[in-house]
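We number each residue from 1, following the sequence as shown. Because the structure is a prediction, the values reported are computed rather than measured.
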Amino acid sequence: SKRRGHGQVTLYSVDIAEEMKRATQLEQALRRAVIADEVDVLFQPIVDLRTGVPIGFEALARWYDDELGQVSPATFIPLAEERGIIVSLTDVLLKKAARAALSWPHDKYLSFNLSSVQLVDPATHGRIMAVIGEVGLEPARLGLEITETAVMADAAIANNIIDRLHAEGVSISLDDFGTGQSSLGRLREISLDKVKVDRAFVSEITRDRPSEHIVKAIIALCDGLDLEVIAEGIETVEQAAKLLQLGCVFGQGYLYGKPMPAGDVEDLIRASEHY
Ligand code: C2E
Ligand code: CA
Ligand code: CA
Ligand code: CA
């Protein structure tokens, strides 16, 4: 009926208005949190699957707001990208993460997620080098995780930023490999060191033959291209055993450690020295 139709239209626009209001509230709260230095960083171990010993740690952003509660990075990172907050947020997060990494043994690296937006910004190289320079973290101890969407956005600028960071000794990982718009050809064009196999494949690897074959093919491809493979989202010993059997040597996931505060990282490193 006309009435119902009208009601639906109203409901629909109320939803959109609510959505926009919420995004704006989130944006304002996030801006305040960045200035007040309230966005935190946790670290998840990346381990040698043969020994369980951590070789590095991935920094993962965490934000708790008194009114909004815990907000997922899957929500606030895209918002920060859309609303022009990502550059200052990255500076704050990288500074915190690099400071923490300073107290780790020198053979443990820091892996940091770089937003796609920053891969089309020519100022990115300078900002990253300035932050780690100020903290005193050697470029060789920093790894940057990038995604294919970022690499695809503006290939020329992205390649240039990646090449320059790579030339400084920073290592580059392609994150979430196998999802999104994959372009295998791009693998040879960028100065890539590592490929991270997406959790979607790892979580099915012991249950689903196609997933096993896909992971096997990724490992073979990376072997041929001289790229290190890191499996994401390992939750069971069976998954770890299968990955090792397929020739994957590095991985991360809840089986080895959830994202943890810097203090726990130091405990874990100490404990792993006795493995
Ligand atoms: P990502 O880079 O793919 O990070 C892996 C996500 O999987 C993290 O979620 C991590 O907590 C989760 N994870 C790790 N191991 C397991 C596991 O065994 N099982 C399951 N179920 N999950 C696991 P998180 O921390 O919520 O981050 C979500 C995404 O937000 C990240 O995906 C990344 O794209 C983005 N992100 C997080 N921190 C940052 C940051 O500092 N900068 C940027 N640009 N993006 C970030
Ligand atoms: Ca990542
Ligand atoms: Ca990932
Ligand atoms: Ca992701």
Side-chain angles (χ1 to χ4, degrees), residues 16-46 56-104 108-139 141-147 149-150 161 165 170 175 252 254 257-269:
I16 289 183
E18 278 300 315
E19 188 66 34
M20 284 172 65
K21 208 175 127 191
R22 187 172 152 74
T24 301
Q25 277 172 344
L26 264 177
E27 176 191 347
Q28 284 162 355
L30 184 58
R31 282 187 192 280
R32 280 196 300 270
V34 170
I35 293 165
D37 198 18
E38 286 172 0
V39 185
D40 257 317
V41 59
L42 296 183
F43 301 91
Q44 187 181 33
I46 300 170
F57 293 86
E58 178 178 1
L60 292 159
R62 291 293 179 270
W63 175 35
Y64 178 85
D65 178 88
D66 283 340
E67 274 165 49
L68 302 163
Q70 193 77 43
V71 186
S72 164
T75 301
F76 71 79
I77 296 288
L79 184 82
E81 290 173 343
E82 277 167 32
R83 309 280 171 124
I85 313 173
I86 193 68
V87 173
S88 50
L89 178 60
T90 297
D91 279 1
V92 167
L93 291 170
L94 182 59
K95 194 174 288 179
K96 280 189 190 187
R99 283 209 178 110
L102 272 191
S103 61
W104 307 340
K108 318 285 181 205
Y109 67 93
L110 168 68
S111 207
F112 188 86
N113 291 287
L114 191 62
S115 154
S116 356
V117 170
Q118 293 184 278
L119 271 185
V120 293
D121 176 359
T124 295
H125 167 266
R127 291 190 83 100
I128 288 174
M129 295 313 293
V131 171
I132 65 167
E134 188 193 321
V135 172
L137 186 77
E138 299 95 319
R141 293 190 58 205
L142 177 66
L144 292 173
E145 302 193 5
I146 63 173
T147 59
T149 26
I161 296 168
L165 287 163
V170 174
D175 203 356
Q252 71 191 112
Y254 294 167
K258 290 195 172 174
M260 60 185 81
D264 292 1
V265 169
E266 294 181 32
D267 292 343
L268 182 76
I269 290 172

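Taking all atoms of both residues into account, the shortest heavy-atom contact from Ser116 to Glu81 is N-OE2, 4.0 Å. Across every non-hydrogen atom of Phe112 and Ala59, the tightest pair is CD1-CB, 4.0 Å. Here the closest heavy-atom approach between residue Val135 and residue Leu102 is recorded as O-CD1, 3.3 Å. Here the shortest heavy-atom pairing between Gln252 and Pro45 reads CB-O, 3.2 Å. Closest approach of Ala29 and Asp65 over heavy atoms only: CB-OD1, 3.9 Å. Scanning all heavy atoms of the two residues, the minimum distance from Leu165 to Met129 falls at CD2-SD, 4.1 Å.
If you take CG on Leu93 and CG on Asn113, they are separated by 10.0 Å, rounding to the nearest 0.5 Å. Put simply, CG on Leu119 and CG on Leu114 are 5.0 Å apart, with the number rounded to the nearest 0.5 Å. Interatomic distance, CD1 of Ile128 versus CD of Gln118, reported as 6.5 Å (0.5 Å rounding). For the atom pair CD1 (Ile269) and CZ (Phe43), the distance works out to 10.0 Å, reported to the nearest 0.5 Å. To the nearest 0.5 Å, the span separating CZ on Arg127 from OG1 on Thr124 amounts to 8.0 Å. For the atom pair CZ of Arg99 and CG of Leu110, the computed distance is 13.5 Å after rounding to the nearest 0.5 Å.
At distances below 3.5 Å, at least one donor-acceptor pair connects side-chain atoms of Gln44 with backbone N or O atoms of Gly257. A side-chain donor-acceptor contact under 3.5 Å links Arg141 to the backbone of Lys108.
Side-chain contact between Arg62 and Pro73 is present, with heavy atoms from C-beta onward closer than 4.5 Å. For the pair Val92/Val41, no side-chain contact is recorded, criterion being any heavy-atom separation below 4.5 Å from C-beta on. Counting heavy atoms from C-beta outward, Arg83 and Thr24 have side chains that approach closer than 4.5 Å.
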Legend entry - Val71/Leu30 under side-chain contact (heavy atoms from CB on, under 4.5 Å): CA gap, chis, key distance, verdict: CA-CA 10 Å; Val71 186; Leu30 184 58; over 6 Å; no
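Heavy atoms of other residues, nucleotides or ligands lying less than 6.0 angstrom from CD of Gln70 number more than 12.
In this structure, the salt bridge (Lys or Arg N to Asp or Glu O under 4.0 Å) partners of Asp40, at least two apart in sequence or on a different chain, are Lys96.
Relative ring orientation between Phe57 and Trp104 is described as tilted, the plane-to-plane angle lying within the 30° to 60° band.
Arg31 pairs in a side chain to side chain contact (heavy atoms under 4.5 Å, CB included) with only one of the listed residues (Ile85, Leu26, Leu89), which is Ile85.
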